[in-house]
There are 2 protein chains.
Amino acid sequence: METEMNLPIEELLAFFKALSDANRLKIIGLLATGPHTVEQLAASLNLGASTVSHHLSRLSEAGLVSARAEGYYSVYSLQTDQLEQMSRRLLKRENLARLAQNTDLEAYDRKVLHDFLTPDGRFKTIPAQEKKLLVLLRHIHQALEDNRQYTEKEINEFLKRYHDDFASLRRYMIDHKLMARENGLYWKI
Amino acid sequence: METEMNLPIEELLAFFKALSDANRLKIIGLLATGPHTVEQLAASLNLGASTVSHHLSRLSEAGLVSARAEGYYSVYSLQTDQLEQMSRRLLKRENLARLAQNTDLEAYDRKVLHDFLTPDGRFKTIPAQEKKLLVLLRHIHQALEDNRQYTEKEINEFLKRYHDDFASLRRYMIDHKLMARENGLYWKI
DNA sequence: ATATTAATTTGATGATAATCAAATTAATTA
DNA sequence: TAATTAATTTGATTATCATCAAATTAATAT
């Protein structure tokens with residue numbers, strides 16, 4: 001039973017933040033040679049014990065080290081599992097794509113629409129830039145009825161709701177394979 | 001010809017720092033689905049273009065993304081190589097140990113010696129704590145001559161230079177396998 | 001019981017870095 | 001050539017975080 005966890009962004013972030021400090025990397029290095037107490041680490045790194053304690057707690061939250069009490073010492077050890085798991089996850093591209101799952105993928109399109117549409121839904125201008133034009137063409141495209149044959153007159157009326165230059169719009173739609181024409185009839189693709 | 005690079009701490013640190021920000025992780029996620037321009041990313045993340053540009057430059061320095069100029073766009077793509085290389089390196093324990101290579105491994109010992117030795121090199125007290133006692137015993141140990149047989153009288157003289165309680169020292173040295181005895185003769189191990 | 005000792009926690013300080021707005025650069029279009 | 005546009009750079013502001021010192025906690029040793 002392989003539990004192929006999904007990869008929450010918070011966990012990954014905690015992992016990287018834990019390792020994004022030079023002294024914490026050195027601690028990892030020292031622990032890779034064997035368990036150490038706080039004061040041993042503090043002496044080797046020339047840092048205060050409180051500082052090292054703080055670093056260890058951050059590493060601990062990320063699951064990278066663990067502590068075992070021994071007398072009044074805390075003996076810290078490296079958790080190699082966590083390192084290996086994380087690096088293995090990083091290799092999977094589909095995991096990476098999931099990092100963006102809560103971002104707003106259509107935000108750009110909405111921005112373009114907002115910039116180019118008047119309040120009543122007509123185009124202020126037909127954008128010269130290909131990328132923005134495409135956003136508007138897709139906007140028209142989704143308004144076309146499925147499985148309907150439009151006469152040329154009908155399609156012109158339809159397109160005129162967006163911009164007076166319906167002829168250009170018609171051509172663009174066909175050029176970009178969002179619409180097809182045959183024998184004077186037009187339909188959505 | 002496999003160039004199994006050693007792993008400079010600066011490079012690792014740059015790598016982790018580059019990935020230790022939530023928005024940069026999201027950028028990685030978005031780029032994992034395909035190339036994007038700065039303004040597309042900015043819209044999706046609801047950030048200013050200048051901020052995204054800044055993030056991209058940090059990712060770029062770490063070799064995680066690359067830009068290709070296209071018109072006045074910069075189209076950024078994910079460099080999966082770098083991600084894979086780094087995660088593979090993380091799996092090697094010997095690489096980790098190397099992270100500590102410039103740290104001061106003997107600093108703790110020196111601190112203990114400093115705390116327990118008088119200026120003329122004698123022990124103020126014999127430490128009760130095992131760990132510190134061991135440091136002092138090793139200090140004595142390295143002063144013993146190699147391949148020399150000490151009579152009991154000689155070893156007592158030798159140890160008395162460190163502390164009046166030479167009998168305890170003698171016992172500790174033997175208990176900790178730093179010295180051996182047979183037929184009233186002592187030698188360094 | 002009281003001292004000592006290691007670790008942690010708390011509070012304060014300084015350094016680093018994320019963010020935005022404005023200015024600048026570089027490329028394209030009119 | 002002038003105007004537009006995307007990207008970058010610069011400067012200022014704010015938030016985060018590493019660090020230390022001092023106080024506290026928990027365990028051991030006298």
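Proteins come first, then strands; the chains are lettered A, B, ... in the order of their sequence lines, and each starts at number 1.
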Nearest to the side chain of [X], heavy atoms from C-beta on, is which of [options]?
| X | options | value |
| --- | --- | --- |
| A/Tyr76 | D/dT19, C/dT8, D/dT8 | C/dT8 |
| A/Asp21 | C/dT19, D/dA18, D/dC17 | D/dA18 |
| B/Glu39 | C/dA18, D/dA18, D/dA6 | D/dA6 |
| A/Tyr72 | D/dA27, C/dA18, D/dT19 | D/dA27 |
| B/Leu47 | C/dC20, C/dT8, D/dA18 | C/dC20 |
| A/Tyr73 | C/dA6, D/dT5, C/dA18 | C/dA6 |
| B/Thr51 | C/dC20, D/dC20, D/dC17 | C/dC20 |
| B/Val38 | D/dA7, C/dA6, C/dA7 | D/dA7 |

Taking any heavy-atom pair under 4.0 Å as a contact, classify [X]: base, sugar-phosphate, or nothing.
| X | value |
| --- | --- |
| A/His55 | sugar-phosphate |
| B/Lys132 | sugar-phosphate |
| A/Lys17 | sugar-phosphate |
| B/Thr37 | sugar-phosphate |

Assess whether side chain to side chain contact (heavy atoms under 4.5 Å, CB included) is satisfied between A/Thr37 and A/Tyr76, documenting all intermediate values.
CA-CA 6 Å; A/Thr37 65; A/Tyr76 281 88; over 6 Å; no

Between atom [atom1] in [X] and atom [atom2] in [N], what is the gap in whole Å?
| X | N | atom1 | atom2 | value |
| --- | --- | --- | --- | --- |
| A/Glu70 | D/dT28 | CD | P | 10 Å |
| B/Glu130 | D/dT28 | CD | C1' | 14 Å |
| A/His36 | C/dA7 | NE2 | P | 12 Å |
| A/Lys26 | D/dA18 | NZ | P | 14 Å |
| B/Lys131 | C/dT4 | NZ | P | 19 Å |
| B/Asn23 | C/dC20 | CG | C1' | 13 Å |
| A/Leu56 | C/dA6 | CG | P | 16 Å |
| A/Arg68 | D/dA27 | CZ | P | 16 Å |

Can you classify the ring geometry of A/His139 versus A/Tyr162 as parallel (below 30°), tilted (30 to 60°) or perpendicular (above 60°)?
perpendicular

Atom of A/Leu185, atom of A/Thr151 and distance for their closest heavy-atom approach
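What the structure gives for the nearest pair is CD2-CA, 3.9 Å.
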
How close do A/Leu99 and B/Lys26 get, heavy atom to heavy atom, and via which atoms?
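That would be O-CG, 4.1 Å.
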
With a 4.0 Å cutoff (strictly under), does any side-chain N or O of B/His54 reach OP1 or OP2 of C/dA18?
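For C/dA18, OP1 or OP2 has a side-chain N or O of B/His54 closer than 4.0 Å.
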
Could you check A/Gln40 against B/Gly71 and say which one's nearest nucleotide on DNA chain C is further toward the 5' end?
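Nearer the 5' end of the strand: A/Gln40.
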
With a 3.5 angstrom cut-off on both distances, give the Watson-Crick or G-U wobble partner of C/dA3, or none if there isn't one.
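Partner of C/dA3: none.
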
Check for a donor-acceptor pair, side chain of A/Arg122 on one end and backbone N or O of A/Lys160 on the other, with a separation under 3.5 Å.
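Checking the backbone N and O of A/Lys160 against the side chain of A/Arg122, a donor-acceptor pair under 3.5 Å is found.
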
Okay, side chain of B/Ser20, backbone of B/Lys17: is any donor-acceptor separation there less than 3.5 Å?
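Yes, because the side chain of B/Ser20 sits within donor-acceptor range (under 3.5 Å) of the backbone of B/Lys17.
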
With hydrogens left out and only the distance checked, is there a donor-acceptor pair under 3.5 Å joining A/Ser50's side chain and the base of D/dA21?
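Yes, the side chain and the base share a sub-3.5 Å donor-acceptor pair.
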
